[in-house]
Amino acid sequence: MKIAIGSDHGGFELKSEVIKHLEENGLEVEDFGAYSTESCDYSDFAEKVAKEVVNKNFDFGILICGTGIGIGIAANKVPGIRAALCSDTFSAHACREHNNANILTMGARVIGKGLALDIVDTFLNSKFEGGRHQRRIDKIAEIENKYNK
Ligand code: RB5
């Protein structure tokens, strides 16, 4: 499984822990920045990772900022991205099973390392259930098409 990961300065340290964890578990990870805790703009890294995921160069994306909110809002502007902010493991499997989320976002100022790694594992090990959930996702795509002119 190939993972594209990104953060702003607020998520840099937690991102480093997530990368280490994923590599220790044999996953292929590419870091699209930021590469330090120097102040930067989360939208830049959201777009880079989102582009890689919609272009199918990676199976999933992981984005981390201070809250996980800004970076997720930005990623969700890319058509085809379904970025889900998770601060608990229930949401981490539900967003895969029901929403077919393709990017996980987390807030480094919201959750600790232990929970973050559990959320990552839960997200990556959960599968989309399809069925009625596919119909709902198709309707999200219809909204994108309607407003992306
Ligand atoms: C950066 O200070 C902070 O605003 C950012 O990491 C994030 O929390 C925004 O949503």
Side-chain angles (χ1 to χ4, degrees), residues 1-25 27-126 128 133 136-137 139-149:
M1 188 182 285
K2 287 178 72 181
I3 310 295
I5 195 164
S7 73
D8 70 355
H9 54 289
F12 174 77
E13 280 169 11
L14 180 58
K15 182 183 66 177
S16 306
E17 298 288 353
V18 171
I19 292 170
K20 189 168 152 242
H21 176 74
L22 293 173
E23 287 178 343
E24 280 169 3
N25 284 288
L27 282 96
E28 200 178 317
V29 192
E30 188 165 335
D31 184 1
F32 287 86
Y35 301 113
S36 77
T37 54
E38 189 182 327
S39 185
C40 59
D41 302 330
Y42 53 77
S43 37
D44 297 339
F45 308 99
E47 188 188 359
K48 283 177 203 242
V49 167
K51 195 172 102 184
E52 294 295 332
V53 173
V54 287
N55 288 339
K56 302 206 182 301
N57 296 327
F58 291 83
D59 298 296
F60 294 107
I62 298 176
L63 288 168
I64 307 172
C65 67
T67 58
I69 295 172
I71 210 159
I73 291 173
N76 276 317
K77 296 296 176 193
V78 176
I81 288 299
R82 292 175 300 279
L85 171 61
C86 295
S87 302
D88 63 275
T89 53
F90 179 83
S91 300
H93 68 78
C95 74
R96 287 287 308 120
E97 292 160 356
H98 290 198
N99 313 115
N100 202 10
N102 47 16
I103 293 184
L104 165 66
T105 83
M106 297 184 291
R109 297 174 187 158
V110 181
I111 57 171
K113 174 188 157 187
L115 178 54
L117 299 184
D118 279 354
I119 288 171
V120 166
D121 289 345
T122 303
F123 180 89
L124 297 177
N125 290 319
S126 301
F128 180 50
H133 302 298
R136 293 163 188 166
I137 284 167
K139 288 188 177 182
I140 295 173
E142 282 172 24
I143 295 170
E144 277 178 347
N145 292 336
K146 191 165 149 190
Y147 288 93
N148 281 336
K149 296 247 155 70

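For ligands, and for the atoms within them, numbers begin at 1 and follow the listed sequence.
Across all non-hydrogen atoms, the minimal contact from Ala101 to Phe60 is O-CE2, 3.8 Å.
Put simply, the side chain of His93 never gets that close to the backbone of Thr122: no donor and acceptor are under 3.5 Å apart. A donor-acceptor contact shorter than 3.5 Å links the side chain of Asn102 to the backbone of Arg82.
Geometrically, ligand 1 and Gly10 share no nitrogen or oxygen pair separated by less than 3.5 Å. Distances between N or O atoms of Gly70 and those of ligand 1 include at least one value under 3.5 Å. For the pair Tyr42 and ligand 1, the shortest N or O to N or O distance does not fall below 3.5 Å.
When side chains are defined from C-beta on, Met106 counts as touching Val18, because their heavy atoms get closer than 4.5 Å.
Checking each of Ile73, Val110, Thr105 against Leu85 for a side chain to side chain contact (heavy atoms under 4.5 Å, CB included) leaves exactly one that passes, namely Thr105. Residue Leu63 forms a side chain to side chain contact (heavy atoms under 4.5 Å, CB included) with just one option from Ile5, Val53, Ile71, and that option is Ile71.
Below 4.0 Å from some heavy atom of Gly66 lie the following atoms of ligand 1, by number and element: 5 (C), 6 (O), 7 (C), 8 (O). Which parts of ligand 1 touch Asp8 is read off a 4.0 Å heavy-atom cut-off, strictly below it: atoms 1 (C), 5 (C), 6 (O). If you number the atoms of ligand 1 from 1 as listed, the ones under 4.0 Å from a heavy atom of His9 come out as 1 (C), 2 (O). The ligand atoms of ligand 1 that sit less than 4.0 angstrom from a heavy atom of Cys65 are 6 (O), 7 (C), 8 (O), 9 (C), 10 (O).
Within a 4.0 Å radius of atom 6 (O) of ligand 1, the protein has at least one heavy atom.
When hydrogens are left out, the protein atom nearest atom 3 (C) of ligand 1 is Arg109 NH1, 3.7 Å; that is the closest non-hydrogen contact.
Relative orientation of the His133 and His98 rings is parallel, given thresholds of 30° and 60° on the angle between their planes.
Contacts between Thr67 and ligand 1 below 4.0 angstrom, taking non-hydrogen atoms only, involve backbone and side chain alike.
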